[in-house]
Amino acid sequence: MKKENNSHPIQAGLFLVLYVLAGELSIQLGTINPGNMAIVWLAAGIGLFSVLRFQKLGIALVFIGSFIINTPHLFQGDWRAQIGLIALSGLLFASIDTLQSSFAAQSYLRLEKEYSTKLWTQPSLLPKVWLHVCFIPALISMPLFIIFMLARGLIPSDINSIILRATILLLADTSGLLLLTPLYPYLKAGTLFAEFRRSFWYLLAIIPPILLNFFVLDRVLALILPLMIVIAVQFRMAATNLGLLIITQLCIFFTVQGYGDWAKQNLVVSLLQIQIFVFSVSLALQYLAQAQTQIMLHREQLETEVQSRTESLAALNAELTTLATTDELTRLPNRREWQVKASQAILQARRYQQALSVMMIDVDHFKHINDRYGHLTGDSVLKTIAQICQQNIRGPDSAARWGGEEFVILLPETDQTQALIVAEKVRLAVAQYVHSSLEHETFHVTVSLGITSLLPGDTTLDNLISRADQAMYQAKAAGRNCIKSSETLSTNYLQRNKTS
Ligand SMILES: Nc1nc2c(ncn2[C@@H]2O[C@H](COP(=O)(O)OP(=O)(O)OP(=O)(O)O)[C@@H](O)[C@H]2O)c(=O)[nH]1
């Protein structure tokens, strides 16, 4: 904040210098005499910047700047004799310039408030900016200048000469505003220099065709148009106006020096033609630059939209996949998902002649648990058993909810003996777990387990499921809370284990 305050007077001083330089450059490059009327009055644009940036101080800057530029050009003959009149004329000139800049700045702020960011991205708003910020302020100040200059005898009073000068004056002020106004948003954002650097080589490339036009062939000017179109499309508003500034200044300079196509005519007509050239080219290029900005913005919007939609679609897909493959209650893989995995595991086990076992688990007297403690407690029991199954298997194994109160476990690379050990771990863990009802009643639950292992004749998962199922029913028949294997060996092993 402090820095801003300190830099304020320095910045204001720089703007004053810039205003005077721009005005003097405009006068020195090409003027219509008598009357010292610049062809493109760049000071009008700098005046607009000053008022926009420094408000009241900016108005004072324009007044002082205009007085400094214009007063020396009002001297005619012996200045000592008419010093009072010259000073008064300088003050009047400065007042008209200040009025013009203030009016342009007010219109600019009004439009900016009305359209905010759209003001510089909507090509359809361009005519409005031209009219309100560039043309009307110039139109208001022009008659005042003409009347004043006629009164002081600074311009001829014949009607043709007045019309010509009025037109030149109007176009000069309008084009000064027109070329510089679009640069203000960049100046405000502090990105003008960066924009200039970005487009530097393209802007430099404009100069050779212009030199060629004025020194070698008169028609080469058309060459810069494709280049300017590229600049407008590639770099948009700031570079377009910087390019237009270069073109305009060089065209005025060389024409006044007597070079090129325009110079062959009457100089006044030549300069008028340059003004018209500036207008038509500016209109087309500024429109193109803004249309391109709009296309870019639309593309960015579309890209963001597509990206966010792709992301939400991916999230939705992931959710759908989870829903399609997971059991909602226990969060274990569901039957379909497990069947796919188990079928693949069987293929692999057969291919590499590896062992594989399947375990079927059924909760004992689950109907009774539901009836006694309620379905919510029954659900909680199923979730706990699912967790116990998960906790007692290894990474490559896979537990799933088969349906209702039944679970399955796939045990790749596991033979009958190893499968029995896993089954026993599950059985014991379930039997030892203390469940609690909603009414805080505690109870135990047991499971009956059937296991089977892959046999050479097993071509499908159904073979194993059906054997594991039968073994599980045998466990139920044998009094529940026990393990039965589809092979006699394991039955003996378990019976031995149970009695021990
Ligand atoms: N709470 C709850 N109950 C379920 C769920 N799925 C199935 N059940 C119940 O589980 C019970 C299974 O009963 P049965 O098939 O008669 O078997 P059981 O009572 O466990 O008897 P055995 O299997 O012979 O020991 C039925 O009452 C079903 O309503 C579930 O997701 N939540």
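Every number for a ligand or one of its atoms is a count from 1 in the order of the listing. Each residue takes its place number in the sequence, starting with 1.
The side-chain hydrogen bond (donor to acceptor under 3.5 Å, both in side chains) check on Arg372 picks up Glu441, with sequence neighbours excluded. A search for ring pair (Phe, Tyr, Trp, His ring centres under 6.0 Å) contacts involving Tyr184 returns Phe49, Tyr108, not counting sequence neighbours.
Formation of a donor-acceptor pair under 3.5 Å by the Arg401 side chain with backbone atoms of Glu328 is not found in this model.
The N/O atoms of Asp362, backbone and side chain alike, include one that comes under 3.5 Å of an N/O atom in ligand 1. Remark: ligand 1 and Lys367 share an N or O pair separated by less than 3.5 Å (distance only, no angle test). Checked by distance only, ligand 1 and Leu382 stay at 3.5 Å or farther apart across all their nitrogen or oxygen atoms. In terms of polar-atom proximity, defined here as any N/O pair under 3.5 Å, Gly378 makes no such contact with ligand 1.
Residue-level proximity to ligand 1 for Asn370 is carried by the side chain, the only part with a heavy atom below 4.0 angstrom. In Val363, the part holding a heavy atom less than 4.0 Å from any atom of ligand 1 is the backbone.
In summary, the atoms of ligand 1 found under 4.0 Å from a heavy atom of Gly404, numbered by their order in the structure, are 6 (N), 7 (C).
Counting only heavy atoms of the protein, atom 20 (O) of ligand 1 lies nearest to Phe366 N, 2.7 Å. Looking only at heavy atoms of the protein, atom 14 (P) of ligand 1 is closest to Glu405 OE2, 3.9 Å. Looking only at protein heavy atoms, the nearest one to atom 2 (C) of ligand 1 is Asp379 OD1, 3.3 Å. Distance from atom 24 (O) of ligand 1 to its nearest protein heavy atom, with residue and atom name: Arg480 NH2, 3.0 Å.
Assignment of Lys383 to the shell around ligand 1 is not supported, since no heavy atom sits closer than 4.0 Å.
Two residues are said to be in side-chain contact when any heavy atoms from C-beta on lie closer than 4.5 Å; Thr326 and Glu337 fail this criterion. A 4.5 Å side-chain heavy-atom check between Ile247 and Cys251 finds at least one atom pair inside the cut-off. A 4.5 Å side-chain heavy-atom check between His435 and Thr442 finds every atom pair outside the cut-off.
Defined by atom type and a distance below 3.5 Å, a donor-acceptor pair is present between the side-chain atoms of Gln122 and Gln294.
Just one residue in the list Asp362, Asp364, Asn481 forms a side-chain hydrogen bond (donor to acceptor under 3.5 Å, both in side chains) with Ser448, and that residue is Asp364.
Summarising the contacts of atom 31 (O) of ligand 1 with Lys476, Arg401, His365, the nearest heavy atom is found in Arg401.
Salt bridge Glu305/Arg309: present, at least one basic N to carboxylate O contact under 4.0 Å.
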